Protein chains: 2
Amino acid sequence: MNLKELATRLGLSTTTVSRALNGYPEVNEETRERVMAAAKRHNYRPNARAIRLATGRAMAIGHVITVSSKHEIVNPVFADFIAGAGETYSRRGYDMLLSVVNDADEPRAYRELKSRGTVDGIIVHAPRANDPRIHLLHEIGLPFVVHGRATGAADPYSWLDVNNRRSFRRAAEFLIDLGHRRIALVNGLEFMDFAIRRRAGYEEAMAARGLPLDPALMFSDEMTETYGYSAACRALDQADPPTAFLVSSLIIAIGVRRALEERGLKLGRDVSLITHDDELSYLRNGEDIPIFTATRSSVREAGRQAAEMLIDRIQTPGLPPQQRMLEAELMVGLSTGPAPTRG
Amino acid sequence: MNLKELATRLGLSTTTVSRALNGYPEVNEETRERVMAAAKRHNYRPNARAIRLATGRAMAIGHVITVSSKHEIVNPVFADFIAGAGETYSRRGYDMLLSVVNDADEPRAYRELKSRGTVDGIIVHAPRANDPRIHLLHEIGLPFVVHGRATGAADPYSWLDVNNRRSFRRAAEFLIDLGHRRIALVNGLEFMDFAIRRRAGYEEAMAARGLPLDPALMFSDEMTETYGYSAACRALDQADPPTAFLVSSLIIAIGVRRALEERGLKLGRDVSLITHDDELSYLRNGEDIPIFTATRSSVREAGRQAAEMLIDRIQTPGLPPQQRMLEAELMVGLSTGPAPTRG
DNA sequence: TGGGCTACCCAAAGCGGTTTGGAAATGATT
DNA sequence: AATCATTTCCAAACCGCTTTGGGTAGCCCA
């Protein structure tokens, strides 16, 4: 059943039927009801392809996920972010388009998305320092919102981010307050913006309390369990091992825990640990009381809000860049305690 | 730059230009080259919306992911499957459409996808026993491929699945061969098809060796770390605890490990464990030698192949249902060893 | 009575491609 | 030289909607 059929069946023009269904004022209320009823009865659904062509809008948002041949890892945060964004899209009538591209092809992918008109806007994932995508997207004129920020980007842009610097500073201070002096940082890849900011927060806290930074206690890599494990091993097997860890993801934390347990060290007593927790649905940090003390911020909620921001930008062009900063909560769990006194 | 502009610029009709670009034979090779060159020079990209309307094809595949209000977990396997499927889609010129819907709205979502013509086909995720979606999709006439199977579905359908029954049978037999007699099964939700089959494999192995099934050693729930932990606690704190665990995901395995370590039990010596490993990119089972002995099957590869199957079905309608069974490898790691002799 | 509004509806022109059904030119065949 | 098939191109219809630019009828008011 298409518009034309419906119209002839009703003895009306397609114009009127279209207007009736889309709530335009220039149609009699009575007629509108007749049309609505008929549409429901024949369960008419306007053809999305035709609407898109006629209106010139794609009614779709693109998410480009890159798979590098080198570190071929899918951002573990991705699924939950998508789930959040998807909720917003359904509610506001947009489709979500996923594009999996090799990282070398990313610029081309954006240009095609624009020139072929498959999407109205884009969410930028996993920004890095001086991320070239921001300039690129400005240049090709595709509305976008960045999940995170990109230190050093020249042009202003819209973003939604967690206050990574502040939350890691607070977490580090919390550990210092507990008496810890040697605190290891097990961070993500430090060309990623979030990792840069977390490190800055950690360094700030150390500096504020007059504690030295020890390169031997600072790690940076792809955030996997095995990385957490091996970083912790290297840290713990030093002459002067850390009494606390500040780590960037639950998965890393799990790896650290493995290293600790291997050495007979008890978490929260012998060694303290604070992790960032994105509240991934398949990796809950305990049920009621958190297993790990954590800086917590829901990535799903971030998805919801970023999508909302983007659609707003698409629907009212010319909106000035908009930013939203989310604060992470510091949830005290079972993995932190006073620094052990040297025996 | 659109077709018409390009055509006038070349002094040709849009027909000829379109044909030249799409490789139709009825155009002079020389002309074709002129057209190709001009297209490249002005970097012309045909408008996707127009193509879709004109051809009646959506050139897009739908993935419906459901978020239940109850167990609001995003399938952890999802991201990697998507990454695999996405590779195939890019290669074959399809877009990937993600639809996040509340599980109650799933049937409606499928019908809309069909009637609005936004996709040409669908991948069905996380099938259950007697999954109603299979009949539904047949009824509305949307091509689909199921990732997994659905025990008890009446109509024939296309699927791609891991041989869960066989791999869990082999894993259980492996443990039995090592002398284990009390083997706990920590499974996923047992209305999910994969979990049903894994349980069947486990039960077959036990029966084949004349070992009794103990309901107190069989667990079923959403596959989270905390579930693994609490199931293991319950199992281990029994009068006659198991000496081995067979579990359905790495995340569960990690939870079990936590319970073991809490009790001072060493994995691979005091207690053995085999897990299924989907080779999720953010959760590698160790670098060179596996941390956990595991039945291993790449969900990313499954994504690639399922997408391939679906596109084939879309492009040649009337193809008989096609099935593909992947065999999981049994990778021996550090988490298994001979059953401890009772002391 | 006629002019001006308003309310309601319609025909037709897009949107940007693909595809059908020729037409003209060329070459081969008789 | 006439006929016929081939090659190469084109005009126009079409996909299914939205939207522009009227048109008509009814009402109000002078």
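Model, not experiment: these values are computed from the prediction. Order of the sequence lines sets the chain letters (A, B, ...), proteins ahead of strands, with each chain counted from 1.
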Go through the structure and list residues passing side chain to side chain contact (heavy atoms under 4.5 Å, CB included) with H135(A), not counting sequence neighbours.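 Side chain to side chain contact (heavy atoms under 4.5 Å, CB included) list for H135(A), sorted by chain: E139(A), D155(A).
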Verdict with supporting geometry, V35(A) and V27(A), side-chain contact (heavy atoms from CB on, under 4.5 Å): CA-CA 10 Å; V35(A) 172; V27(A) 42; over 6 Å; no
Residues within residues 6-16 of chain B bordering DNA chain C, heavy-atom distance below 4.0 Å: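 Within this stretch, T15(B) sit under 4.0 Å of the strand.
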Counting only non-hydrogen atoms, which of residues 34-56 of chain A are less than 4.0 Å from DNA chain C? L53(A), A54(A)
Parallel, tilted or perpendicular, as decided by the 30° and 60° cut-offs, for the rings of F144(A) and Y157(A):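 Judged by the thresholds at 30° and 60°, the geometry between Y157(A) and F144(A) is parallel.
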Between H125(A) and H63(A), how do the two ring planes meet: parallel, tilted or perpendicular, split at 30° and 60°? tilted
Within the structure, does a side-chain N or O atom of Y24(B) lie under 4.0 Å from either OP1 or OP2 of dT19(C)?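 For dT19(C), OP1/OP2 do have a side-chain N/O of Y24(B) under 4.0 Å.
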Please confirm whether the shortest side-chain N or O distance from N28(B) to OP1 or OP2 of dT7(D) is below 4.0 Å. no
Verify salt bridge (charged side-chain N to carboxylate O under 4.0 Å, His left out) between D95(A) and R52(A), making sure each step is shown before the conclusion. CA-CA 12 Å; D95(A) 283 336; R52(A) 293 188 220 269; 3.1 Å; yes
Write down the distance between [atom1] ([X]) and [atom2] ([N]), rounded to a whole number of angstrom.
X	N	atom1	atom2	result
N2(A)	dC14(D)	CG	P	14 Å
R116(B)	dC15(D)	CZ	C1'	17 Å
R32(A)	dC9(C)	CZ	P	10 Å
E26(A)	dC10(C)	CD	C1'	12 Å
R57(B)	dG17(C)	CZ	C1'	12 Å
E30(B)	dT26(C)	CD	P	14 Å
L21(B)	dG17(C)	CG	P	10 Å
E29(B)	dT7(D)	CD	P	13 Å

How long is the span from the [atom1] atom in [X] to the [atom2] atom in [Y], to the nearest 0.5 Å?
X	Y	atom1	atom2	result
D161(B)	D193(B)	CG	CG	6.5 Å
L326(B)	Q305(B)	CG	CD	5.5 Å
E112(B)	N43(A)	CD	CG	9.5 Å

Is there a side-chain contact (heavy atoms from CB on, under 4.5 Å) between R9(B) and H42(B) once you walk through the steps? CA-CA 11 Å; R9(B) 210 175 284 258; H42(B) 300 92; 3.3 Å; yes
